[in-house]
Amino acid sequence: MTIQEYSRQISSKLEHDLSILTLDAENRLIQVESAFYLVDHALDELKRFLATYEFESEEEEIEFFKNQMSEFLKESVFYSELFMIESSKTPGSSKELKRFYETERAAMRKFLKENQNLYNYLLLKKENQDKVFFLRSAQAPIYKPNLFWHTLDTRYCTVYTLYFARIKGTIALMDYIHEQLRELNGAGDPDWKKSNPLNWTGKKVDLVELIYALKVSGVLNHGRADLTQIAGFFEKFFGVSLSDLYRTFSEITVRKNRTAFVEFLRDRLEYYIEKGEALN
């Protein structure tokens with residue numbers, strides 16, 4: 001059995017085990033801790049298999065450490081950081097909780113900005129540095145000095161596998177925080193959805209592009225409306241879920257045409273005006 005086949009087997013079991021845990025408010029910390037240990041157990045199984053495994057080629061080793069292992073470590077990062085966030089959250093009003101989550105989100109944005117080059121490498125699916133980043137035998141230069149890297153067990157991980165895992169985990173955490181802010185803003189009101197005759201039937205990525213365009217244009221609340229408020233309104237109004245808002249926008253930032261939907265709207269409006277239909 002190849003290591004890719006084995007990791008898919010472990011990943012499938014982990015996904016099933018995690019799906020049983022529901023992160024409800026009543027015992028969320030216990031569930032997050034349980035999820036972390038499930039991931040930790042899966043990593044232990046993978047490491048035992050890896051300890052005696054001989055990669056058939058550099059390409060196979062790169063594929064594993066770039067994609068499979070970074071996904072397992074991403075889950076570990078996500079649940080360990082989530083535990084820290086939720087355990088440091090103190091009871092308070094909705095306003096205080098929103099301020100808490102917004103502070104955490106700002107710290108995550110700062111982390112992604114500080115690691116923008118690697119973030120772009122991940123989003124753009126580049127491969128030109130793969131042999132440096134994801135071969136254990138490579139003497140990969142440390143992207144940023146960090147005492148932690150000296151304790152890293154390079155039999156099971158490369159420095160950049162861990163960097164990628166932290167970036168992926170951070171994006172997942174930002175989507176989690178967006179969902180918490182959405183609930184605090186009351187975006188899930190079923191009565192609104194029931195009485196609203198309009199449904200968003202376009203692509204979700206187009207709606208995300210529109211939301212960011214409205215945010216940066218400053219046309220809502222004299223520019224004081226934040227992203228969560230705007231996204232929460234659209235979720236509530238159209239009855240859609242934008243729980244992967246940050247991941248979706250990350251994909252927008254690296255595509256060839258970043259403003260495709262806004263340009264489509266402009267073109268359709270100009271065509272409509274030119275035909276004179278606006279006067280009918």
Side-chain angles (χ1 to χ4, degrees), residues 1-19 35-36 38-81 111-112 114-144 146 148-175 205 244 246-256:
M1 181 184 294
T2 67
I3 197 160
Q4 281 79 14
E5 291 170 337
Y6 187 75
S7 64
R8 281 194 293 268
Q9 189 180 100
I10 297 296
S11 179
S12 179
K13 182 178 184 304
L14 176 61
E15 185 177 347
H16 173 266
D17 293 342
L18 288 173
S19 69
F36 173 79
L38 284 172
V39 175
D40 196 48
H41 179 69
L43 276 167
D44 281 343
E45 289 188 28
L46 194 57
K47 286 177 181 179
R48 280 195 291 272
F49 186 88
L50 182 60
T52 57
Y53 187 79
E54 293 290 335
F55 287 98
E56 293 184 1
S57 64
E58 288 186 344
E59 289 72 25
E60 184 187 35
E61 184 173 352
I62 288 169
E63 167 67 19
F64 174 74
F65 285 110
K66 183 178 184 179
N67 297 312
Q68 280 81 41
M69 182 57 95
S70 68
E71 279 297 313
F72 281 98
L73 290 171
K74 165 216 161 184
E75 295 295 329
S76 182
V77 168
F78 174 76
Y79 285 111
S80 62
E81 291 295 318
F111 167 76
L112 292 178
E114 290 173 345
N115 294 277
Q116 189 70 52
N117 290 339
L118 290 177
Y119 186 29
N120 290 343
Y121 190 92
L122 173 65
L123 291 174
L124 292 167
K125 297 181 171 61
K126 291 186 176 181
E127 299 178 346
N128 58 299
Q129 294 295 313
D130 281 0
K131 288 190 176 183
V132 176
F133 290 168
F134 303 109
L135 290 177
R136 292 170 297 177
S137 60
Q139 297 296 315
I142 303 300
Y143 180 61
K144 286 185 178 179
N146 189 319
F148 175 73
W149 304 136
H150 297 294
T151 64
L152 186 69
D153 192 338
T154 53
R155 291 176 299 170
Y156 307 117
C157 183
T158 74
V159 169
Y160 289 90
T161 303
L162 194 52
Y163 267 127
F164 269 43
R166 284 199 63 196
I167 290 170
K168 290 178 179 181
T170 299
I171 294 171
L173 282 165
M174 290 179 73
D175 284 332
V205 66
D244 54 354
Y246 294 96
R247 186 180 296 107
T248 303
F249 185 67
S250 294
E251 294 169 359
I252 289 174
T253 63
V254 296
R255 70 189 184 187
K256 188 174 182 180

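All heavy atoms count here, side chains included; hydrogens, waters and symmetry mates do not.
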In terms of relative ring orientation, are F49 and Y6 parallel, tilted or perpendicular, with 30° and 60° separating the classes?
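Correct class here is parallel.
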Classify the angle between the aromatic ring planes of Y53 and F55 as parallel (below 30°), tilted (30 to 60°) or perpendicular (above 60°).
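Correct class here is perpendicular.
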Do the non-hydrogen side-chain atoms of [X] and [Y] ever get within less than 4.5 Å of each other?
| X | Y | result |
| --- | --- | --- |
| E251 | V205 | no |
| Y156 | L43 | no |
| L112 | M174 | yes |

Rounded to the nearest 0.5 Å, what's the gap from [atom1] on [X] to [atom2] on [Y]? Could you check?
| X | Y | atom1 | atom2 | value |
| --- | --- | --- | --- | --- |
| L18 | Y79 | CG | OH | 4.5 Å |
| I167 | Y119 | CD1 | OH | 8.5 Å |
| D130 | E61 | CG | CD | 11.5 Å |
| N120 | K126 | CG | NZ | 7.0 Å |
| Q9 | M1 | CD | CE | 4.5 Å |
| Q4 | F64 | CD | CZ | 7.5 Å |

Determine whether the aromatic ring centres of residues Y163 and Y160 are separated by less than 6.0 angstrom.
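Centroid distance Y160-Y163: below 6.0 Å, so yes.
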Donor-acceptor pair, side chain of [X] and main chain of [Y], under 3.5 angstrom:
| X | Y | value |
| --- | --- | --- |
| T253 | S250 | yes |
| D244 | D175 | no |
| T158 | F133 | yes |

Nearest heavy-atom pair of [X] and [Y]: which atoms, and what distance?
| X | Y | value |
| --- | --- | --- |
| F36 | S80 | CE1-CB, 3.8 Å |
| R136 | R155 | NH1-O, 2.9 Å |
| L14 | A42 | CD2-CB, 4.2 Å |

Taking only residues two or more places apart in sequence, or in another chain, which ones meet R8 in a salt bridge (Lys or Arg N to Asp or Glu O under 4.0 Å)?
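Scan of R8 (salt bridge (Lys or Arg N to Asp or Glu O under 4.0 Å), adjacent residues dropped) gives none.
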Applying salt bridge (Lys or Arg N to Asp or Glu O under 4.0 Å) as the test, list every pair that has at least one member in residues 47-58; sequence neighbours left out.
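Listed once each, the pairs are E58-K131.
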Looking at Q129, I want to see if its CD is surrounded by more than 12 non-hydrogen atoms of other residues, nucleotides or ligands under 6.0 Å.
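Yes, the 6.0 Å shell around CD holds more than 12 heavy atoms from other groups.
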Verify side-chain hydrogen bond (donor to acceptor under 3.5 Å, both in side chains) between Y121 and N115, making sure each step is shown before the conclusion.
CA-CA 10 Å; Y121 190 92; N115 294 277; over 6 Å; no
Ignoring hydrogens and angles, write down the donor-acceptor pairs under 3.5 Å from the side chains of residues 69-76, residues two or more places apart or on other chains.
unit_1	atom_1	unit_2	atom_2	d
S70	OG	K66	O	2.6
S70	OG	N67	O	3.1
S70	OG	K168	NZ	2.9
E71	OE2	K168	NZ	3.0

